[in-house]
Amino acid sequence: MVREWDPRTASSAEIASLLGTLNAVLAVDLPQDPPWRESSMREYLAEVMPGERRISWVAQAEAEADGTPGAILGHVHVLLLGDIGVLEVLVHPSARRTGLGRDLLLTAARRVYQEGFQSIGVEVVGDTPAIAFYESLGFSKEYVETRSVLDLSGVDWAELAEMATGISAGYHLQFHPGGPPDELIEAYARAKAEVRDVEDGELRPSSYDPQRLRDSLDCLHRRGMRPYIVLALHEQTGEVAGLTEVVVPVQHPTRADQYDTIVVQNHRGYGIDRAIKARMLMELRSAETELTEVQTWNAQANEAMLKVNAELGYRPDREWCEYSIDVAELVHRLDAGR
Ligand SMILES: CC(C)(COP(=O)(O)OP(=O)(O)OC[C@H]1O[C@@H](n2cnc3c(N)ncnc32)[C@H](O)[C@@H]1OP(=O)(O)O)[C@@H](O)C(=O)NCCC(=O)NCCS
């Protein structure tokens with residue numbers, strides 16, 4: 001049975017059951033990824049940026065004879081932003097290939113259609129059944145990135161310390177746990193606005209103006225995700241010449257997520273990319289004692305960044321694909337197949 005579900009008012013048992021399904025999915029689809037913990041799971045599912053909406057549904061098994069509620073076997077949510085609905089569907093491995101994924105998708109797609117949105121986008125992990133699932137439904141592949149993972153136990157810290165200081169004169173690095181300080185927010189947002197050559201995919205929009213940046217940092221904190229920033233300041237102008245952002249989610253604090261890394265055009269060729277990333281790893285090593293890995297996503301064409309990441313010890317892990325479809329076409333196709 002598929003029903004709309006609000007994580008803000010859901011029982012703790014439901015949140016725990018959904019987490020169990022997520023971890024069962026990870027164990028079969030991405031066995032090298034760390035399982036998620038319950039900390040701030042409700043907030044992770046509920047909190048959004050101002051102006052965005054997330055709508056969720058669950059599929060729950062029948063209650064047991066003694067009245068115990070059934071497990072959450074499937075989940076779908078859609079984040080409505082701009083003119084696109086970004087979707088995530090999850091089906092417990094024990095309940096797959098029964099049409100549940102398709103039912104969940106149709107429920108969400110109908111709503112996206114009714115709300116007047118044009119298209120649906122989804123991130124799909126390479127080498128998992130989700131590729132065949134979305135392709136069977138007519139989604140097309142828009143963009144492919146490579147996820148790479150750095151195992152911190154293999155890092156040569158002395159070499160890294162050298163990389164962190166290997167930056168041209170006229171720049172200095174700053175480390176800011178929690179986000180950029182208020183006096184640097186404007187300069188920081190300018191650096192992000194100027195450069196779109198970022199590490200993130202299109203479904204994870206960056207924050208290009210100061211207010212959106214503040215909102216996005218607030219939202220991260222509410223969802224239980226701890227942001228860290230290293231930036232390179234150009235001493236002569238006070239400009240933010242480069243920045244790198246890593247987030248440590250309380251739900252999986254052994255593996256951090258690399259967000260944007262940007263070196264502003266005029267400041268390229270001075271060793272900034274290498275130095276800010278190296279400094280970040282050194283800072284994380286002392287700030288996050290549970291951390292053992294960092295994962296990052298790169299466009300396959302971004303050779304300069306791939307080269308620096310390889311030097312730091314990142315190893316390519318999976319393809320990470322963005323698929324999309326026209327909503328009206330999808331609803332029509334799914335309804336016709338019923
Ligand atoms: C993708 C997913 C939602 C599919 O759920 P499902 O309930 O098994 O899907 P359905 O039964 O509705 O399948 C619909 C169609 O998709 C295709 N399909 C689904 N799984 C497939 C597979 N393993 N191989 C080939 N085709 C597949 C088939 O065409 C299927 O129709 P059919 O069974 O009539 O042949 C499920 O595998 C899942 O939760 N994957 C994890 C997704 C995720 O977010 N992961 C993130 C962390 S890795």
Side-chain angles (χ1 to χ4, degrees), residues 1-3 5 7 17-37 41 44-45 54-62 70-79 85-110 112 120-149 201 203-204 223 225 249 251-252 254-255 257 293 295-297 316-325 329-338:
M1 178 202 55
V2 175
R3 66 179 161 90
W5 183 78
S17 182
L18 175 54
L19 178 68
T21 289
L22 170 65
N23 282 332
V25 164
L26 286 172
V28 302
D29 286 353
L30 284 172
Q32 311 298 328
D33 279 38
W36 284 40
R37 304 177 185 175
M41 196 61 197
Y44 178 84
L45 294 164
R54 189 187 288 116
I55 314 175
S56 309
W57 294 262
V58 292
Q60 189 164 15
E62 296 283 312
I72 306 273
L73 296 175
H75 176 243
V76 57
H77 67 241
V78 64
L79 185 66
V86 180
L87 189 92
E88 249 184 79
V89 184
L90 212 57
V91 172
H92 194 286
S94 67
R96 289 184 179 174
R97 295 310 284 273
T98 62
L100 181 53
R102 205 187 289 119
D103 280 354
L104 287 162
L105 185 69
L106 178 57
T107 306
R110 280 216 187 92
V112 174
I120 287 184
V122 60
E123 279 192 357
V124 188
V125 185
D127 267 335
T128 69
I131 297 277
F133 173 72
Y134 289 105
E135 288 188 352
S136 78
L137 295 166
F139 281 72
S140 40
K141 200 190 278 181
E142 301 292 342
Y143 191 71
V144 183
E145 290 184 310
T146 302
R147 181 180 75 168
S148 304
V149 180
L203 297 183
R204 281 167 273 155
R223 298 181 84 201
M225 301 159 93
Q251 296 86 8
H252 53 89
T254 60
R255 185 184 283 199
D257 298 323
E293 295 169 313
Q295 57 187 355
T296 187
W297 290 263
D317 169 47
R318 296 270 179 151
E319 284 196 341
W320 225 259
C321 312
E322 288 180 14
Y323 278 77
S324 74
I325 195 166
E329 185 191 321
L330 176 65
V331 170
H332 178 74
R333 183 191 296 259
L334 287 170
D335 278 336
R338 299 212 119 198

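Counting starts at 1 for both ligands and their atoms, in listed order. Along the sequence shown, residues carry numbers from 1.
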Side chains of residues 88-97: which donor-acceptor partners sit under 3.5 Å, not counting sequence neighbours?
from, atom 1, to, atom 2, distance (Å)
His92, ND1, Ser94, N, 3.0
His92, ND1, Ser94, OG, 2.9
Arg96, NE, Val91, O, 3.0
Arg96, NH1, Asp29, OD1, 3.3
Arg96, NH2, Asp29, OD2, 3.2
Arg96, NH2, Val91, O, 3.4

For a distance cut-off of 3.5 Å, show me each N or O of ligand 1 paired with any protein N or O, plus the separation.
from, atom 1, to, atom 2, distance (Å)
ligand 1, 7 (O), Gly101, N, 2.8
ligand 1, 8 (O), Arg97, N, 2.8
ligand 1, 11 (O), Arg97, N, 3.4
ligand 1, 11 (O), Thr98, N, 3.3
ligand 1, 11 (O), Gly99, N, 2.8
ligand 1, 12 (O), Gly101, N, 3.4
ligand 1, 12 (O), Arg102, N, 2.9
ligand 1, 16 (O), Ser136, OG, 3.3
ligand 1, 24 (N), Arg97, NH1, 3.3
ligand 1, 31 (O), Arg102, NH2, 3.0
ligand 1, 33 (O), Arg97, NE, 3.0
ligand 1, 34 (O), Arg102, NH2, 3.3
ligand 1, 35 (O), Arg97, NH2, 3.1
ligand 1, 37 (O), Arg96, NE, 3.2
ligand 1, 39 (O), Val91, N, 2.6
ligand 1, 39 (O), Val91, O, 3.4
ligand 1, 40 (N), Arg96, NH2, 3.2
ligand 1, 44 (O), Val89, O, 3.3

Worksheet item: Has the side chain of Asp257 got a donor or acceptor atom that lies under 3.5 Å from a matching backbone atom of Gln295?
Response: no
Item to complete: Go through the structure and list residues passing side-chain contact (heavy atoms from CB on, under 4.5 Å) with Arg333, not counting sequence neighbours.
Response: Glu329
Worksheet, complete the sentence: salt bridge (charged side-chain N to carboxylate O under 4.0 Å, His left out) filter on Arg147, not counting sequence neighbours, yields Asp33, Asp317
Worksheet item: Looking only at heavy atoms, which two atoms of Pro316 and Ser148 are closest? And how far apart?
Response: CA-OG, 3.6 Å
Worksheet entry | CD on Glu145 to SG on Cys321, rounded to 0.5 Å | 9.5 Å
